[in-house]
Amino acid sequence: MQPGDIESVLRENRSFAPAASFLAGARLQPADIEKLRQRAAADHTGFWAEQARTQLQWHKPFTVILDESTAPNYRWFPDGQLNVSLNCLDVHLASRGDAPAILFEGEPGDRRRLTYRELHAAVCRLANALRSLGINAGDRVVIYLPMVPEAVIAMQACARIGAVHSVVFGGFSAGSLRDRIEDAGARLVITADGGHRGGHVIELKAAVDKALEGACATIENVLVLQRAKNAVSMRAGRDLWWHEVVDRQSALCDPAWVDAEHPLFLLYTSGSTGKPKGIQHSSAGYLLGAKLTSQWVFDLQPSDVFWCTADVGWVTGHSYVAYGPLAAGATLVMYEGAPTIPDAGRFWRICETHGVTVFYTAPTAIRALMKLGDEIPARYDLSKLRLLGTVGEPINPEAWIWYHRVIGGERCPIVDTWWQTETGAIMISPLPSAVATKPGSCTLPLPGIDAAIVDDAGNAVSSPEAGGYLVIRKPWPSMLRTIWGDNERYLATYWEKFQNRYYVAGDSAHRDADGYFWIMGRIDDVLKVSGHRLGTMEIESALVAHPRVAEAAVVGKPHDIKGESVFAYVVCRGARPTGDTRAFVDELRNWVSEQLGAIAKPDDIRFADNLPKTRSGKIMRRLLRAIARGEPITQDISTLENPAIVDQLRGVDAGAHS
Ligand code: WTA
């Protein structure tokens, strides 16, 4: 990025007030929002208690709002009991039993429609099947499925019996799946023969077989959904077909009453060091966050058709596919495949066919579709859309304006929602009827969320535009509870920096003169590739696992569509590869893809004799980032043992190749 670009980003001061047409039908009017804000500011825990009492159905009402005795392992509503699946499904049966809950479209074009009553029955059948397989409350179940209704059914069925699900994104490889199964100590994997993606069949069952080979001793059964009808091998005694086990079960299943703090799910995500960590969420607090934000931010009403394009393998697919919209009683669209199959109009055709009113996607998808031109969306009737959202990475003003103009017809507010796997629900976002938007800013914290920007000493940054650490200063119900099996890491990652006072998000941000938040990016070594979170360490470990690789360093490089791409510097055992290294580069790229999944595949690989390190032996990542970006080198490189290395890293000596 040139200094000129930074200037223009900072000077982005176009502002868009909520359109009158939106305001007229909005669930929350500006005065309601003002009341919420005032109430939350006056009595933080009292505010959340009122929300929890009115929004959730409790089996046993809570009397304690927030237990801080083990802070920063906070416990919300700890003596209350409820069931999450009951709160998403049963509560709608009387009033909306025949209303559609899920409108599904497979990549090959097949369609299914499930009403709330049908979804409820499907969830109960699977819940009964899980119980018949000996799965009890607290047991971990890994879900490795394509984006089909059964993914939501599986999550809800776990919730119904109090089992803890851990969804693994179908794009992750067998190795990543194995790590997650082992860390969670799961008893069951729910998978499919295969799923459709990008015109291919993704062989999920085969990946499960590979993951379990000589590993994952805790797994007793694998439940296999027939989806793509590709050939699979079934291991007698272990593997069971979904249709054989589930279809004969009763369509009624008593929900298990669990404590508010009972873990609802684990979701593995990347940090700056070590293996992915199992972020542990609670039942009541999490559901409250997912439901409220679905109503506040997406304004979901019974007449809405909501399409969040995220896969259930990511937190967005948990909060805004599997839980929030259902708790809010909305209709959701699920699509199995890629946005470009059979052509680049697929997303917009789905919006037209299903009458999507609220659409939520990632900046990477918006940029990719924007590149294809305005003519494609122009072919479809997008007039039902009334609200648009984005998530996962900063959106550049150009993409924002395109989204606003071409997709939103200049009438739909855009909610740029900042949040994380750890926060469980949206934290900073416009409330679309009340907050004027600015392209590139996630605007203001939601009621009950005390977000701030602080300096190294933890003091609030006072001058507008000054950057700092994004922190949350008060606990909130949907926050993560711990890292599964590693509370020390929970404390060290999120709390140590400011002596347990503030939750440290790991992002840097600044506020403008109107108090609007602008996210600047990660301050750690986490990459965001196509909105997916990847740890540099994970990719480095994958590279180093290759027999010819001695050392590796991975950095992010800005990418037009993906936001960031993976750039790897590799030191080989023995001599540095020179000449035509293309075949070896491909081998390494595929190696990473096999180890972790295709999303982690490096775009660039560059070889060097060694890596630039500080005197204390730390890899000079800033230098590597500057080189990857082709920026001038401003770091002091006089201490490098081998200054010629810089030319190798820049790829300007004879042997380098990228
Ligand atoms: C980034 C995704 C800018 C941020 C829900 C955060 C964003 C990380 C935004 C969490 C946004 C998310 N603007 N950056 N609106 N939303 N991020 O856990 O760096 O996959 O820390 O959760 O994504 O990624 P995660």
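The residues of the chain are indexed from 1 along the displayed sequence. The basis for the numbers below is simple: all heavy atoms, side chains too, and nothing from hydrogens, waters or symmetry mates. First listed ligand is number 1; within each ligand, the first listed atom is number 1.
- Salt bridge K277/D183: absent, no basic N to carboxylate O contact under 4.0 Å.
- Listed by chain and residue number, Y360 satisfy the side chain to side chain donor-acceptor pair (under 3.5 Å) test with W419 (two or more places apart in sequence, or in another chain).
- Judged by a 6.0 Å distance limit and a 45° cone about the ring axis, K291 is not positioned over the six-membered ring of Y323.
- Within 4.0 Å of ligand 1, counting heavy atoms only, the contacting residues are V315, T316, V391, G392, E393, P394, D416, T417, W418, W419, Q420, T421, D507, I519, R522, K528, R533.
- Between the side chains of D450 and W476, no donor N or O sits under 3.5 Å from an acceptor N or O.
- Ring planes of W314 and F169: tilted class, angle from 30 to 60°.
- Ring orientation note: the planes of Y286 and F265 are nearly perpendicular, at an angle over 60° on the 30°/60° scale.
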